[in-house]
Amino acid sequence: MAGLNGDPILGIDDKIEDLQYKNNNNSNEVVDKEELVGIGEESTTCYKSNQGGEKDMAGSSIHRSGSRPQLDLSKAEIQGNSEERDPTILLPNQSDDISHLALDIGGSLIKLIYFSRHEDQSVEDKRKKTVKERLGISNGNRRSYPVLGGRLHFVKFETSKLNECLDFISSKQLHCGRIDSHHWNSETPANENAVIKATGGGAYKFADLFKERLGVSIEKEDEMDCLVAGANFLLKAIRHEAFTHMEGHKEFVQIDHNDLYPYLLVNIGSGVSIIKVDGDGKFQRVSGTNVGGGTYWGLGRLLTKCNSFDELLELSQRGDNGTIDMLVGDIYGGMDYSKIGLSASTIASSFGKAISDKKELEDYRPEDISLSLLRMISYNIGQISYLNALRFGLKRIFFGGFFIRGHAYTMDTISFAVQFWSQGEAQAMFLRHEGYLGALGAFMSYQKHGLDDLMVHHLVERFPMGAPYTGGKIHGPPLGDLNEKISWMEKFVQKGTEITAPVPMAPPGTTGLGGFEVPSSRGATLRSDASALNVGVLHLVPTLEVFPLLTNPKMYEPNTIDLSDHKELEYWFTVLSEHLPDLVDKAVASEGGIDDAKRRGDAFARAFSAHLARLMEEPAAYGKLGLANLLELREECLREFQFHDAYRSIKQRENEASLAVLPDLLLELDHMDEGTRLLTLIEGVLAANIFDWGSRACVDLYHKGTIIEIYRMSRNKMQRPWRANDFDIFKERMLGSEGKKPKPHKRALLFVDNSGADVVLGMLPLARELLRRGTEVVLVANSLPALNDVTAMELPDIVAEAAKHCDILRRAAEAGGLLVDAMTNTLDGLKGNSSSVPLMVVENGCGSPCIDLRQVSSELAAAAKNADLVILEGMGRALHTNFNARFKCEALKLAMVKNQRLAEKLIKGNIYDCVCRYESAPAS
Ligand SMILES: Nc1ncnc2c1ncn2[C@@H]1O[C@H](COP(=O)(O)OP(=O)(O)O)[C@@H](O)[C@H]1O
Ligand SMILES: CC(C)(COP(=O)(O)O)[C@@H](O)C(=O)NCCC(=O)O
Ligand SMILES: [Mn+2]
């Protein structure tokens, strides 16, 4: 990069003597002992705001659950229109988790789904109130959701271990809370009138036991109704639910909601049900077979002496069924029976060799027996399913039930059978929540609590590591506190080394059916069920919305880089792994560096590494994987171990340093003519985007100078041409040409990125320019911290500081209700007394460096409605995601590329090159 010579823009670095990065060989952490002590003394979930009030940084998401749910109905009120069916009931004083649950008690497994909800924290966030007024968001004109935000957890137990399940329910008090449409009655003592919805045979068989042990009545729901309701919900509401699995290759299928029916649902539990589904609640059980999962497990146990289903399945992975199955070649003397299309390796008769051989059971390898049995049953089910699809002219067959167990070979076998018999006409698809269809249906049967109203954008799936969610030994008792979570994590990781070992490819053998190569997904080890993170916790967030300015939400793909390219995945895996030690240092320091923080830091590192390893092994394990998901996963992991803002002190320091030089920058800008000023502003945004603690190259740079020196250095590099450069078109749009003055934009949404120079010296001056031209400005910032990104909670204070030195910002911030002094009389502002267009701050609904515009806050969605310009800033928001996004209005994408590989790939350039992409509004 260029040298650190003087800069006409900023000759004022002497003001900020000690606001600098410490040049320290061992650490690039900003060190300030006092500050660290100060932070250590604070609670881990709160920080003191400048305004003196305590704010909960992460809002509802970091709410710590209490031990026993209790309901506080005081000041309860109906939200919205009370005439409406199923109105939302607001319980302002309710703070603990409320849970309720539904069960599917099958012949082999108990599936349990429970719901926990977190009441919104009553965060002192004046910004929210004024933003709501300003943007016209009120409870009156928004849809009132009968479902309140919360989480759906998926857990399973073996039916033979019913006691474990009862203990789990009891220790989590899941049987005490219940929401129904018109009232909350979880204050009902557990032994009176408490009802749990349940389906499956066990709902009948074990009803008395539930009453006896938990004091609850079981309300039985029809099994088929539940299966269908569950399947329909999953197919409509979960984005990456259904997938195909052929020869080891998994691919998610985009389901068109308007073209879902009819389909065939094949549920492979102990037995098999085959259901033709024509719509919501419209279905017919057209067939079934008694040869199912129970058969495999039952016969398999007898024949191999296995102790668990997983052991049996694992044996199959090392088996060669040619030793026990009679193959076409065995009958035809090693030849194919080509006339009817059967190769020598086709199974002619499962277990057929066992008749002619003079062998006893002991003479066969258990591995071979297991594989033979698995293939026999899977092919058989595939074939019967195909025949039923043919009967009704159906092309799509969805397979559910825990027999499948996410096992690649089982899915390949079923897919092969469907493909083989239908000659490619019908398609086998599998479901990520395979075994939970019935339980989901039972859950949904609670008197209209509205789950079926939820849409894809209301659901966020997370994959927590520190919480157990499978039955069996590894999960132990429910975790009461973080300490337990960490020790569980430690145990988990011991187990996890074997869990996360990559599945080796098997050498080709004689196991094929006609034309069927040995599936590449066969391997020696089976991932432990306890770590089968295929199913996460489903967060229901009814306030999320699709960003209304996307031209085509259905086609929108947030990620620019496709991680299904394994090389790409490997690269980003390495980047994130290498960044991990530094991140842990920062996180631990942000919590005062105390022992507890160190332990949590360690647990975080293990958890995140385990996730990465899992994804390396099976990239599609959590749904379709993009870089944005990896970056978000990292933030989620941090939060899981209660690191709510790892870069807190760095952000504060950089904000202060930048605010100190802002007045001089504004002064210099004001002396420029319009054209030069606009260019300088855009250059400023690009240059200041260098303050990114997520980029390795940038963090290395920070050793080399003060914040301002680096900013200056970066500014010097800004001379055009930039790599992607639409500045001249943007300039013409802003300033016009040949004396024609274009109409200013009505409202601009500025998606801001990093704290410090990035927002203060980059985006704020640009915002000011727009305000000056009469454009309303909405600063869109993260809801939760992520790296050093500025949050919506932090912005008002920064704006208030900046406004001290700038009338334009001050008047606009007052008009937007952002200034503390102006808070009390914002209503006057709203009545139009303000002399300025407003400057507002809204949260984006995210806690990640990237943004998925399919799921944004309702605040942002409301603000977007009148916007005619979207400015996306930073690598995460404008390059990793949304680089290819198209908007209904004008868009400007600004970022410095702080990664060499990305620069080469995206813009055929080099690290530190800049992107200024302007897209005009599409003709309407
Ligand atoms: N841990 C396990 N223990 C027992 N069976 C399992 C396990 N994991 C998967 N399975 C398979 O799943 C089948 C049960 O599937 P499930 O959909 O739960 O049906 P059901 O409702 O009949 O119990 C078993 O018969 C077995 O083949
Ligand atoms: C995490 C980030 C997307 C944040 O960038 P920003 O949005 O702040 O510009 C970026 O720093 C990043 O992609 N970092 C990893 C790549 C690297 O270290 O080179
Ligand atoms: Mn950032």
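For this chain, numbers begin at 1 and follow the sequence in order.
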Under the salt bridge (charged side-chain N to carboxylate O under 4.0 Å, His left out) rule, what do R901 and E568 come out as? Steps first, then yes or no, please. CA-CA 10 Å; R901 186 183 169 101; E568 208 60 54; 3.2 Å; yes

Looking at R696, I'd like to know if its CZ atom is crowded, meaning that more than 12 non-hydrogen atoms belonging to other residues, nucleotides or ligands lie closer than 6.0 Å. no

We want to know whether E843 and S783 form a side-chain donor-acceptor pair, criterion being a heavy-atom distance below 3.5 angstrom. yes

Applying salt bridge (charged side-chain N to carboxylate O under 4.0 Å, His left out) to E461 and R239, what does each step give before you reach the verdict? CA-CA 10 Å; E461 197 174 5; R239 190 166 282 123; over 6 Å; no

Is the closest side-chain heavy-atom distance between L583 and F643 below 4.5 Å? no

Start with the C-alpha distance between Y912 and L701, add both sets of side-chain angles, then the distance that settles side chain to side chain contact (heavy atoms under 4.5 Å, CB included), and finish with yes or no. CA-CA 12 Å; Y912 306 122; L701 265 184; 3.6 Å; yes

Short side-chain to backbone donor-acceptor contact, N559 and A628, under 3.5 Å: yes

If the condition is side-chain hydrogen bond (donor to acceptor under 3.5 Å, both in side chains), which residues does E904 pass it with, not counting sequence neighbours? Q900

Taking atom types as modelled and ignoring hydrogens, do the side chains of E873 and N689 form a donor-acceptor contact shorter than 3.5 angstrom? yes

What heavy-atom pair brings L749 and A863 nearest, and what distance separates the two atoms? CD2-O, 4.0 Å

N629 (side chain) donor-acceptor with G626 (main chain) under 3.5 angstrom: yes

Would you mind checking if K567 and E570 are paired as a salt bridge, meaning a charged N to carboxylate O distance below 4.0 Å? no

Quick one: do E557 and K624 satisfy salt bridge (charged side-chain N to carboxylate O under 4.0 Å, His left out)? Show the steps, please. CA-CA 11 Å; E557 165 58 55; K624 195 163 172 254; 3.1 Å; yes

Do the rings of W572 and H880 sit parallel, tilted or perpendicular, given the 30° and 60° boundaries? perpendicular

Measure from the side-chain N and O atoms of R917 to the backbone N and O of F883, and report whether any donor-acceptor pair falls under 3.5 Å. yes

Measure from the side-chain N and O atoms of K717 to the backbone N and O of A687, and report whether any donor-acceptor pair falls under 3.5 Å. no

Using a 3.5 Å distance criterion without hydrogens, assess whether the side chain of E545 forms a donor-acceptor pair with backbone atoms of V856. no

Going by distance alone, is a donor N or O of one side chain under 3.5 Å from an acceptor N or O of the other, for N884 and Y556? no

Any donor and acceptor pair, going by atom type alone, linking the side chain of E635 with main-chain N or O of L787 inside 3.5 Å? yes

Give me the atom names and distance for the closest heavy-atom approach of R432 to F252. CD-CE2, 3.9 Å

Using the side chain to side chain contact (heavy atoms under 4.5 Å, CB included) rule, take L665 and V760 through it: C-alpha gap first, then chi angles, then the decisive distance, then the call. CA-CA 10 Å; L665 173 62; V760 175; over 6 Å; no

The criterion is side-chain hydrogen bond (donor to acceptor under 3.5 Å, both in side chains); which residues satisfy it with D789, sequence neighbours excluded? R877

Have a look at D602 and tell me which of R600, R599, R606 forms a salt bridge (charged side-chain N to carboxylate O under 4.0 Å, His left out) with it. R606

Would a 4.5 Å heavy-atom cut-off, applied to side chains only, mark L615 and F573 as touching? no

